[in-house]
Number of protein chains: 2
Amino acid sequence: MAHISSADYDPADFPPFAVTADLVVLTVRDDALCALVVRRGEEPYAGRRALPGGFVREREDLRDAAVRELAEETGLTPGAVHLEQLATYGAPDRDPRMRVVTVAHLALAPDLPTPAAGGDAAGAEWCPVEELLAGGGAELAFDHAAILRDGVERARSKLEYTPLGAAFCRPEFTVAELRRVYEIVWGVTLDPRNFHRKVTRTEGFLEPTGATTSRDGGRPAQLFRRGGVEVLYPPLLRRTP
Amino acid sequence: MAHISSADYDPADFPPFAVTADLVVLTVRDDALCALVVRRGEEPYAGRRALPGGFVREREDLRDAAVRELAEETGLTPGAVHLEQLATYGAPDRDPRMRVVTVAHLALAPDLPTPAAGGDAAGAEWCPVEELLAGGGAELAFDHAAILRDGVERARSKLEYTPLGAAFCRPEFTVAELRRVYEIVWGVTLDPRNFHRKVTRTEGFLEPTGATTSRDGGRPAQLFRRGGVEVLYPPLLRRTP
DNA sequence: CCAAAAGTGTTATCGCTACACCCATGT
DNA sequence: ACATGGGTGTAGCGATAACACTTTTGG
C-alpha cells in the first residue's frame with residue numbers, strides 16, 4: 001500500500017474514521033492521585049465510568065480539541081494546567097459501534113478550589129486512580145483503563161526529569177507541598193531535608209516569591225513559583241536500589 | 001460537545017477523517033544518523049521527499065499498519081527492529097486535499113546489509129537526518145520535518161535511559177560499535193574507557209556471547225547481545241555541564 | 001514551654017570524569 | 001617491532017542518603 005501521496009491516491013481509497021480527543025486529567029487530592037471521570041449513560045458500557053473526551057471537529061487541530069474538552073469539563077485553560085499529547089489508540093474493536101481512533105492527552109492540574117462537578121460540566125468527578133484501576137480497571141469503559149495507566153506512568157516519569165510536579169500545585173507553593181506531590185504520585189516517602197536541598201538547588205526548578213506562609217503549621221515556609229526550565233539536570237530519580 | 005458515548009451520539013455527527021501511519025525509521029550509517037525517505041511523484045509536494053507511510057486499513061490496528069508499512073519499505077519485521085508509537089499529527093491543513101490524521105511511529109534499525117532500495121520497495125532510501133532538516137526541513141513534504149525532528153529527539157532521549165542504542169547495532173556487537181551509535185546519535189564524543197565500564201557494569205544492558213571479533217582492528221573485542229532490561233539504572237545522561 | 005514543621009550541616013558512599021597504563025591482535 | 005584499538009586502575013569531584021541539629025512559628 002502506498003502513502004497517501006503516491007500515484008494511486010484516490011479519495012475513495014481510504015476507510016473513514018471517527019477521531020476523538022480523550023483526556024487523562026490528573027490531580028493530587030486528599031493524599032491520593034485522582035483522575036477526572038464521567039459516568040456513561042448509554043450503551044455500550046452504560047453506567048460505567050469513562051475518561052472525558054469527544055469528537056475532533058471538522059477543522060480543529062488535535063490539541064485544540066483537547067483544550068476545548070478540558071475547558072468544558074473543568075473550566076481550566078492551558079496556562080493553569082499542563083497539557084500534552086499522550087498517545088493514540090485505535091484498535092479496530094475498541095468501540096463496538098464504529099471505527100474510532102482516539103488521541104489521548106494528559107493534563108496535570110492543581111487541586112481545584114471549585115470542584116469540576118459544579119457549573120456547566122455536571123457529571124465529571126475526581127476519582128482515585130488506584131480505585132479506577134483496581135481489578136484490572138474493569139470499571140472503566142472501552143480501553144480507558146489502558147489509557148489511564150499509560151497517563152499515570154507518563155506523569156510518574158515526567159516528575160523525574162521535568163519540573164512538572166509543580167503543575168499539581170497552586171501557583172505559589174511550598175517545598176513541602178511539592179514533596180507531597182512526589183510522594184503521592186510515586187507512592188514513596190522522601191526525606192524532607194534532602195528533597196528541600198535538591199529542589200531548591202536545581203537551577204531553574206523553583207523561583208522564590210519572597211513571601212512565606214504558615215498554612216502547613218510549624219515554622220513558616222518560603223513560597224515558590226515554577227521556574228523557567230523544561231528539563232531538570234540532574235533529574236530526581238525514583239527508586240533506591 | 002459530548003463524548004462519543006453520550007446521549008446525543010449519532011453516526012452522522014462526526015466528521016470523517018483519513019488515518020495514516022507514517023514512519024520515522026532511523027539507522028546509523030556511514031557515521032551519520034539517517035532516516036528512510038521516499039521521493040514523491042505527485043502533487044502536492046511533487047519531487048520532494050517524504051516519510052514512508054500509508055493508510056490504516058479498515059480493520060487494522062495502528063501498530064499493525066506501521067508494521068506492515070515497515071515491512072513493505074524495508075523488509076524488516078519487529079524483532080529485527082524496535083518500533084514504537086511516536087505521536088499523532090492532525091492539523092486541519094497538513095494535507096491540502098483532505099483531513100488526514102497521521103499516527104507517526106519511530107523505528108530504530110541496524111544498518112541494513114541489503115539496502116532498502118532493492119527488491120519490492122524501490123524508491124525508499126537512507127538520507128542523513130542533518131541533510132533532511134537543513135534549512136528548517138523545507139525539503140520534506142507536509143509536516144514531515146516536524147515529525148522527523150520529534151522522532152530524532154525521542155531517539156536521543158531514549159538512548160539515555162533505555163538500552164535501545166543496541167537496536168541500531170547488529171544482533172551481536174562490540175562495545176565500540178555501541179559507543180559509535182551514541183556518539184553519532186548524540187553528536188558528541190565519549191571516552192571509550194569510561195563508556196566501556198559504564199555499559200558493561202549496568203546490570204542487564206549487555207549480555208556477553210563469549211565470542212570475540214577483530215573486525216574493528218586492534219585487539220579483538222568481546223561480542224555482546226542486548227540484555228533483558230527495559231530501563232537503565234542509572235541512566236547514561238548526555239551533556240557535561 | 002512544647003509540638004510541629006522548615007531549613008542547615010556533616011559524613012559516608014556512589015557514580016562519574018579524566019587520564020595513566022597494560023593487553024592482544026594485524027602488519 | 002609497532003600501530004591500533006580493547007580493556008583495567010585510580011584519584012578527584014560532585015551528587016546522594018542518612019541523620020544530627022538549629023530555626024521559627026502556633027498553642
Side-chain angles (χ1 to χ4, degrees), chain A residues 31 159-161 163 169 172-184 186 188-224 229 231-241, chain B residues 31 159-161 163 165 169-170 172-184 186 188-224 229 231-241:
Chain A
D31 292 321
L159 290 204
E160 294 191 285
Y161 56 92
C169 297
E172 302 199 346
F173 54 89
T174 67
V175 172
E177 288 162 0
L178 182 62
R179 176 169 48 83
R180 262 153 230 151
V181 165
Y182 276 82
E183 292 183 330
I184 289 164
W186 283 351
V188 298
T189 61
L190 299 171
D191 185 297
R193 302 156 294 189
N194 292 334
F195 184 85
H196 183 279
R197 223 193 321 267
K198 173 76 181 166
V199 297
T200 53
R201 301 230 171 134
T202 299
E203 200 64 35
F205 193 167
L206 299 180
E207 184 183 302
T209 67
T212 61
T213 182
S214 52
R215 63 190 178 211
D216 298 327
R219 169 175 167 181
Q222 289 177 260
L223 284 168
F224 294 88
V229 299
V231 259
L232 300 180
Y233 189 87
L236 283 99
L237 300 173
R238 47 207 219 270
R239 55 185 161 157
T240 330
Chain B
D31 292 322
L159 290 204
E160 295 192 285
Y161 55 92
C169 298
R170 285 169 280 189
E172 302 199 346
F173 53 89
T174 67
V175 172
E177 288 162 359
L178 182 62
R179 176 168 49 83
R180 262 153 229 151
V181 166
Y182 275 82
E183 292 183 330
I184 289 163
W186 283 351
V188 299
T189 60
L190 299 171
D191 185 299
R193 300 156 297 188
N194 291 334
F195 184 85
H196 184 278
R197 224 193 320 266
K198 175 73 181 169
V199 298
T200 53
R201 301 226 173 139
T202 299
E203 199 66 34
F205 193 167
L206 299 181
E207 185 183 301
T209 66
T212 61
T213 180
S214 51
R215 62 190 178 211
D216 299 325
R219 169 176 166 181
Q222 289 177 260
L223 284 168
F224 294 88
V229 298
V231 266
L232 300 181
Y233 189 87
L236 284 97
L237 299 174
R238 42 204 219 274
R239 56 186 160 157
T240 330

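Every chain is numbered from 1, with letters handed out A, B, ... down the list of sequences.
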Q: A/Asp191: which residues meet the salt bridge (Lys or Arg N to Asp or Glu O under 4.0 Å) condition with it, sequence neighbours left out?
A: A/Arg193

Q: On the nucleotide C/dC16, are OP1 or OP2 found under 4.0 Å from the side-chain N or O atoms that B/Lys198 carries?
A: yes

Q: Taking protein heavy atoms under 4.0 Å as touching, what does nucleotides 19-27 of chain D look like 5' to 3' if B marks base contact, S marks sugar-phosphate-only contact and - marks none?
A: BBB-BBB--

Q: When rounded to the nearest 0.5 angstrom, what distance separates CG in B/Leu206 from CG in B/Leu223?
A: 11.5 Å

Q: Just grab all the side-chain hydrogen bond (donor to acceptor under 3.5 Å, both in side chains) pairs involving residues 195-206 of chain B, residues at least two apart or on different chains.
A: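 Qualifying pairs, neighbours excluded: B/Asn194-B/Arg197.
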
Q: Of the nucleotides D/dA15, D/dG7, C/dA6, which has the atom closest to the B/Gln222 side chain?
A: D/dG7

Q: Tell me the interatomic distance from B/Phe224, atom CZ, to D/dG7, atom C1', rounded to whole angstroms.
A: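 The answer, rounded to whole Å, is 10 Å.
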
Q: Atom CG of B/Leu223 and atom P of C/dT25: how far apart are they, to the nearest Å?
A: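 Whole-Å distance recorded here is 14 Å.
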
Q: What residues, two or more places apart in sequence or in another chain, satisfy side-chain contact (heavy atoms from CB on, under 4.5 Å) together with A/Pro192?
A: A/Arg179

Q: Measure the distance from CZ on B/Arg180 to P on D/dT4 and round it to the nearest whole Å.
A: 14 Å

Q: Excluding sequence neighbours, so at least two apart, what forms salt bridge (Lys or Arg N to Asp or Glu O under 4.0 Å) with A/Arg219?
A: none

Q: Rounded to the nearest Å, what distance is computed from the CG atom of residue A/Leu232 to the P atom of nucleotide D/dT16?
A: 11 Å

Q: Could you tell me the separation between the CZ atom of B/Arg215 and the P atom of D/dG6, rounded to a whole number of Å?
A: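 Taking CZ of B/Arg215 and P of D/dG6, I get 11 Å after rounding.
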
Q: How long is the straight-line distance from CG of A/Leu190 back to CG of A/Leu236, given to the nearest 0.5 Å?
A: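 So the gap between those two atoms works out to 8.5 Å.
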
Q: Check side-chain contact (heavy atoms from CB on, under 4.5 Å) between B/Pro163 and all other residues, then give those that pass, not counting sequence neighbours.
A: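 In terms of side-chain contact (heavy atoms from CB on, under 4.5 Å), with neighbours along the sequence ignored, B/Pro163 is linked to B/Phe205, B/Arg226, B/Val229, B/Leu232.
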
Q: Heavy atoms within less than 4.0 Å of DNA chain D: which residues of residues 199-207 of chain B have one? Give them sorted by number.
A: none

Q: Atom NE2 of A/His196 and atom P of C/dA5: how far apart are they, to the nearest Å?
A: 15 Å

Q: For B/Arg170, what residues pass the side-chain contact (heavy atoms from CB on, under 4.5 Å) criterion, not counting sequence neighbours?
A: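 Partners of B/Arg170 under the side-chain contact (heavy atoms from CB on, under 4.5 Å) test: B/Glu177, B/Arg215.
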
Q: Figure out the CD/C1' separation between A/Glu183 and C/dA5, and round it to whole Å.
A: 13 Å

Q: Rounded to whole Å, how long is the line connecting atom CZ of A/Phe195 with atom P of D/dA15?
A: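 Those two atoms, CZ and P, are 17 Å apart.
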
Q: Using the side-chain hydrogen bond (donor to acceptor under 3.5 Å, both in side chains) criterion, which residues pair with A/Glu172? Sequence neighbours excluded.
A: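 Residues passing side-chain hydrogen bond (donor to acceptor under 3.5 Å, both in side chains) with A/Glu172: A/Arg225.
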
